[in-house]
2 protein chains.
Amino acid sequence: MTGSVRDDVALGALGESLGFLLRLSQLESFRDFYHGLGDLGMRPGEFSVLMLIAENPRIRQGVLAKKLMIKRAHMTKMVQAMEAEGLVGRSVPEDDKRSIELHLTKAGHARIAAMRTPFEAHEARNLTRLSDAELAEAKRLLKKYLGLPE
Amino acid sequence: MTGSVRDDVALGALGESLGFLLRLSQLESFRDFYHGLGDLGMRPGEFSVLMLIAENPRIRQGVLAKKLMIKRAHMTKMVQAMEAEGLVGRSVPEDDKRSIELHLTKAGHARIAAMRTPFEAHEARNLTRLSDAELAEAKRLLKKYLGLPE
DNA sequence: GCAAGATAGTTTCCTAGTAGACAAAATTGC
DNA sequence: GCAATTTTGTCTACTAGGAAACTATCTTGC
């Protein structure tokens, strides 16, 4: 994708490996995320945590971790950090004393709002690599791969 | 994808984010890799290093790192470990005393051979989630996204 | 009702991977 | 030809994320 050095390297069977292609694509996508939103001091994983809490007020920490494929231990650390930063509030639900429910604070909502435009720009930049139809199809296929509803 | 807990969580805008879907898919794919090949004591990244060296004998370490989107520092560590393990040999090319060329040892080739069947099984398991045509299309789209030749 | 089993979050330790700095060697620009 | 700049691999310090162990709480099976 840049320069001729890369084009001289034969991928062999790896070039036909979905896992490999997914890995490279993910790295590429995250690189673009950091490029466009890195100044806002938030990593992709943290952003997805905030977004999901916003979309699902009072979601339980473990449920969130599972949905985002983040390990519980790490989710604890992330949430604690975001609580300390004032973005997230935590509470213990009455019906399950083991759990933690999460909600966004005003600052959390403001953070998300601040990231909206750069995030959309990040997403739009996908169209420099794929057409509108191809992008839609890629998303559809990935959702199917993941077993997510359309 | 398992249980009803996950289905109750709304993804919102994230569900339409290519980067997010790529991330989850990559995690999923790697999980399957570890499930099928974890016993062989090799991680996806290491496997891809060995494969690419096999496919490109005498490839330079930095070229390899760039192709696999692995940072130079980490590539050094990985290659040193594999050299210590007897899988990879290193040499300094005559025309560039700064560089390191890599080649597979007999043991390296044997390692790859031992991983062939489980790797192919790992790839084949993609067909439990996508059809033949969908899998081919997904790969095509990812390659296009990455700017790789077909 | 109660013990056994499972779950939820936490803490600590560990690892995979990165950033930054550096020296040696190659390349570039004049 | 030569100084300035860039490249290549290495090492060290750091970080993002996971594994394992643990406690408190809930659920299940009898």
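Reminder, nothing fancy here: chain letters follow the sequence lines and each chain counts from 1.
- Taking atom CE of residue A/Met75 and atom P of nucleotide D/dA19, one finds them 15 Å apart after rounding to whole Å.
- For A/Arg98, counting side-chain heavy atoms from C-beta on, the closest listed nucleotide (C/dG9, C/dT18, C/dT7) is C/dT7.
- Nucleotide D/dT10 holds its C1' atom 19 Å from the NZ atom of B/Lys97, rounded to whole Å.
- For A/Ala73, the side-chain atoms get nearest to D/dA20 when compared with the rest of D/dA20, C/dG9, C/dA26.
- For D/dT10, one of the phosphate oxygens OP1 or OP2 lies less than 4.0 angstrom from a side-chain nitrogen or oxygen of B/Arg90.
- C/dG17 atom C1' lies 14 Å from atom CG of B/Leu68, rounded to whole Å.
- Counting only heavy atoms from C-beta on, B/Arg23 has its side chain closest to D/dG17 among D/dG9, D/dG17, C/dA19.
- Taking atom CZ on B/Arg43 and atom P on C/dC14, their separation rounds to 17 Å, with Å as the unit.
- The nearest whole Å value for the distance from the CZ atom in B/Arg31 to the P atom in D/dA19 is 12 Å.
- Note on ring orientation: taking the six-membered ring where Trp is involved, the planes of A/Phe33 and A/Phe30 are tilted (angle from 30° to 60°).
- B/Ser99 comes within 4.0 angstrom of the backbone, heavy atoms only, and of no base.
- One finds no salt bridge joining A/Arg125 and A/Glu120 here, because no Lys/Arg side-chain nitrogen approaches an Asp/Glu carboxylate oxygen to under 4.0 Å.
- With rounding to whole Å, B/Lys71 atom NZ is found 14 Å from D/dA16 atom P.
- Here B/Gln80 does not reach the OP1 or OP2 of D/dG9: none of its side-chain N or O atoms lies under 4.0 Å away.
- To the nearest angstrom, P of C/dT10 lies 14 Å from NE2 of A/His74.
- Ion pairing between a basic and an acidic side chain is recognised when a charged N comes within 4.0 Å of a carboxylate O; A/Glu134 and B/Lys144 show such pairing.
- Take the nearest nucleotide of DNA chain D for B/Gly62 and for A/Asp96: the residue whose nucleotide is more 5' is B/Gly62.
- Remark: the B/Lys77 side chain and the C/dT18 base include a donor-acceptor N/O pair separated by less than 3.5 Å.
- Here the P atom of nucleotide D/dT25 and the CD atom of A/Glu101 are 16 Å apart, to the nearest Å.
- With values rounded to the nearest 0.5 angstrom, A/Leu87 atom CG is found 5.5 Å from A/Thr105 atom OG1.
- With hydrogens and angles ignored, a donor-acceptor pair closer than 3.5 Å exists between the side chain of B/Arg72 and the base of D/dG9.
- The residue among A/Tyr34 and A/Asp95 whose nearest nucleotide of DNA chain D lies closer to the 5′ end is A/Tyr34.
- The residue from B/Leu22, B/Leu130, B/Leu141 that alone fulfils the side chain to side chain contact (heavy atoms under 4.5 Å, CB included) condition with A/Leu142 is B/Leu22.
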